[in-house]
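Below you'll find the structure, written out as structure tokens, and then a few comments.
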Amino acid sequence: MVKYKRGEKMAKKRKLNYARLAIVLVAFLIIVFALFQLFRGLLPNKYAAYRNVEKSNKLADETEIVNEINEGDMAFSSINYPMFENETLNEEIKKIVAEFKKEPIDDTKEEIHFLDYQSNMIGEQYISVHFTYQILDKEEVVIKSNHKTLNFDLTENKVMSLKDILRIDYLDQLQKEAKKQLNVDLEATAENFEAFILEETGIRFYMSDFTESFLFNYQDNIRYLKLDNALIPTLAPENVVKQPKRKLDPNKPMIAFTFDDGPNPGLTEKIVDLFDQYQGRATFFQVGSRIEQYPETTRYVYEHGSEIGNHSYSHQSLATDDVEAIKQQVYDTQDIVFKLLGYEIATLRPTFGAISETLEKTIDMPMIIWTIDSLDWQSRKMTNIVSEVEPRVKDGSIILMHDLYETTYDAVAYLLPILSERGYQFVTISEYLEFSNQE
Ligand code: ZN
């Protein structure tokens, strides 16, 4: 009886305990679940570092950071790249990403493929992106890495090459900087310095394996800078006026008139005006020391759309000069025009039409000779000049004249209506080169 009674009591007690236990259990599960939820983000996640890329080095105002995760049976890949408002830039980025994606992924191995990047925006105009593609093994040791840099000018809407950024003998200067800062001997070739990005205080150049880099400081290298942005110092004046590009008819024959040894105030302007009348342009290969004397004449030529070419500083013979003298003659003239107009002269007419091997090796500019010599300096007679030119002129002719003589002006005034009537368009040397390169 006692036993029964006790049993009844016990059963009652046990019933109570079961209910309590169930409540405790449920509460416990809720707490565990809550804690799990709370700490899930903190728990070690496989490949977490490759799923969520570092944001603090992405500073170029990207509209989106694309993150493509692919988990195979064994291999894992995370591809990250930026998208911007500029569609031309986005297309360039997609091309680069597509190149990286060609790297085959071996899904029988536990390997990680990781594309990441860092970006800068300078002067609200230049966007630089440095892509890094890594393949890592399961211990997360890098077994292969690849790099690519991209620099884009939002104002010009184009990818920038080194030539768009730097001027005169910048390759020699880069060679010196690499030696000074990294103690490496590199040849002064464009290939050795093609990997770079723009930073706040300079251009960072990467060695070909990207393990080392050096900064080409803006302040210390002002003479070599061509970048057109108020935040970056150059020799160019403020408020540079750019020559508008014009459309040429590729089906119409072209003639390039060239005038050497100016500027010659009064006459040079009159010749420019003549070309204006026929929607034409010409090229004036000017002498640096004369540009210093008559800068407004040079400006007039430029502002009327004709081309300024380089014809040395003091009309000395570049073909017999040594490297130092050549550099001085050519680059001093480049500097004078760049300081005056913010324009980097694109073509050179060697004095006396003579080119030495040294000259060719020293100066990386198209050297322009002529196909027709008007001999205007010799005859100084309008009829003679016309008869040297008119019967021989054809599509692609480059005519040598000098804007020094009134008789040259008279000959041009006589020739332009006749040649225009025959369907010729009068182009600058740079226009001519651009056109002949397309063919
Ligand atoms: Zn000359």
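Keep in mind that what you see is a predicted model, and the values were worked out from it rather than measured. Whatever order the structure lists ligands and atoms in, that order sets their numbers, starting from 1.
Side-chain atoms of Glu54 and Ser56 form a donor-acceptor pair, as typed in the model, at a separation below 3.5 Å.
With waters neither drawn nor counted, the protein N/O/S atoms under 2.8 Å from the Zn ion (ligand 1) amount to 3.
The aromatic rings of Phe275 and Phe426 sit perpendicular to each other, their planes meeting at more than 60°, with 30° as the lower class boundary.
Within the structure, every pair that satisfies the ring pair (Phe, Tyr, Trp, His ring centres under 6.0 Å) test and touches residues 212-236, not counting sequence neighbours, is listed here: Phe205-Phe214. For the ring pair (Phe, Tyr, Trp, His ring centres under 6.0 Å) condition, the pairs that include at least one residue of residues 55-85, sequence neighbours left out, are Tyr47-Phe76.
Side chain of Ser289 to backbone of Tyr313: a donor-acceptor contact under 3.5 angstrom is found.
With sequence neighbours left out, the side chain to side chain contact (heavy atoms under 4.5 Å, CB included) criterion links Leu59 to Asn120.
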